[in-house]
Number of protein chains: 2
Amino acid sequence: MDDKEEAAPRPERRDAAENRQRILGAALRLFDRHGAGQVSMNQIATEAQIGPGTLYRRYRNKSELCLDLMKDNIVLLFDDIEAYLETHRDGSPSLRLRGIVSLFVGFREKKNQLLAGVEESPPANRTRPRALSPLYGQLHEILVAQFEEMSGSAQDNAAVQANAVFKADMLLVALSSESYAAQRDVRGLSPEEIVEQLGLTFFPERD
Amino acid sequence: MDDKEEAAPRPERRDAAENRQRILGAALRLFDRHGAGQVSMNQIATEAQIGPGTLYRRYRNKSELCLDLMKDNIVLLFDDIEAYLETHRDGSPSLRLRGIVSLFVGFREKKNQLLAGVEESPPANRTRPRALSPLYGQLHEILVAQFEEMSGSAQDNAAVQANAVFKADMLLVALSSESYAAQRDVRGLSPEEIVEQLGLTFFPERD
DNA sequence: ATATTAACCGGAGAACTCTCCACTTGATAT
DNA sequence: ATATCAAGTGGAGAGTTCTCCGGTTAATAT
């Protein structure tokens, strides 16, 4: 997971690296100007002055491009989460869950455009159900651990584990762009209110 | 909502009505053979022997077409739900919620293809966040009522109402095609297990 | 019967996503 | 230096969604 540059079998050809920069730059510029949702792969290719084929060689779709654009911020998010878990290791699981959710909502508020870009993807190509996408997959593990701990001492019970997995899944769909945007735009909730409601719904236990 | 034929200001031109039948027939045939997700509007138009423009004149997108194809079944679903609510009017709200969810899951299992077709829709055209689509909108109302009743006597409390709305929203995203399919295909849960888990997650109160 | 006209039809075409593949080029070995 | 060849490039093109609009036609009024 930590192979960024150098030490790889075939580092990357110079022209390829240059194109990658061009793509990233163009995408950033266009996303910034028109919003991630409105920008097409075509536009990005044109702006980067490369052919569509070249763009698709590197990023199978806009999702992957957006993900690459956020990579650093995602790492930061998980650092924050781990720090929070460390700090509150003696707190209740629901306290920790609230913290995680709050951190994620903060992240979403910053990178909403790109996050939505990551999640949107033509129904056909959907390789894996995004529950397994890197970001959500990693988050899922963390959430499951909290839910399991919340179930008291019977953590090795299969039913308890299954329910923890399920709850984590549900919390993640609740945090998906689609659902989150609906709460903001249709229901008119503030980020803080959303965090509050999620807590009431998924881990109402008192601290 | 109950204007099917006759009594409308402009009934519908004869040729238009004929085309509608052709479209419905073609769609049904193709969906049945290749699955709703794989069939394009183009194919439907070709199969129905009409131009693409004619197809789009009637149905803005595949969503609407699928919805029209399910209209009757949706009415039946709500009839079932109302009957269930009537029968169990003295039961606990969580019992009723379980019943509703179970009924809906049964519906989904039958009409999964079409339901997915209704929900999938290109990100751009998304008129309203599907939380307001007829099917989900109506379901939402019913769910809210149950959640409110579940909160005991303080049903006029604004916070209680807000939370009921939120929980209903969350339950509905949990029942969306995307989430449901993931539980079935990725997690390998049976419909019954999904109903069970939804109960544990969203209304764990004992009956 | 005839005229009127709103509804309807169909196909061209703009935009897109994504694939394929003939061609080019940079990195490596000799 | 030169040959080699995988990696990289770009654009044609297949297949979609959806819009526009000139021409057509069925229902209604006269």
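No experiment lies behind these values; they were computed from the predicted model shown. To find a chain, count down the sequence lines: A is the first, B the second, and so on, and within it residues start at 1.
- Contact check, A/Arg14 against C/dA27: a side-chain N or O comes under 4.0 Å of OP1 or OP2.
- Ring centroids of B/Phe202 and A/Phe202 are separated by less than 6.0 Å, placing the two rings close together.
- Closest contact between the side chain of B/Arg13 and the listed nucleotides C/dA6, C/dT19, D/dT9 involves C/dA6.
- Toward the 5' end of DNA chain C, the nearer of the two residues A/Gly53 and A/Gln43, judged by each one's closest nucleotide, is A/Gln43.
- Here the side chain of B/Tyr56 is nearest to one of D/dT19, D/dT9, D/dA26, namely D/dT19.
- Between the CG atom of B/Leu55 and the P atom of C/dA7 there is a distance of 20 Å, rounded to whole Å.
- Closest to the B/Asn42 side chain, of the nucleotides C/dC8, D/dT16, D/dG11, is D/dT16.
- Taking atom CD on A/Glu64 and atom P on C/dT17, their separation rounds to 15 Å, with Å as the unit.
- Taking side-chain N and O atoms only, B/Thr54 has a distance below 4.0 Å to OP1 or OP2 of C/dG10.
- Along DNA chain D, the nucleotide closest to A/Arg57 and the one closest to B/Ser40 are compared, and the more 5′ of them pairs with A/Arg57.
- At most 12 non-hydrogen atoms from other residues, nucleotides or ligands lie less than 6.0 angstrom from CZ of A/Arg89.
- For B/Glu18, the salt bridge (Lys or Arg N to Asp or Glu O under 4.0 Å) criterion is met by B/Arg22, not counting sequence neighbours.
- When each of D/dT9, C/dC9, D/dC18 is scored by its nearest atom to the side-chain atoms of A/Ala16, the top-ranked nucleotide is D/dT9.
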*Let me see the working for A/Ile81 and A/Leu77 under side chain to side chain contact (heavy atoms under 4.5 Å, CB included), right down to the final yes or no.*
CA-CA 6 Å; A/Ile81 289 178; A/Leu77 169 64; 4.1 Å; yes
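- Residues meeting the side chain to side chain donor-acceptor pair (under 3.5 Å) test with A/Arg57, sequence neighbours left out: none.
- Within residues 29-38 of chain B, no residue has any heavy atom under 4.0 Å from DNA chain C.
- Per the geometry, CD1 belonging to A/Ile44 stands 14 Å off C1' belonging to C/dC18, to the nearest Å.
- Between B/Arg58 and C/dC9 there is a side-chain polar atom (N or O) within less than 4.0 angstrom of OP1 or OP2.
- Inspection of the B/Arg184 and B/Ser190 side chains reveals no N or O donor paired with an N or O acceptor under 3.5 Å.
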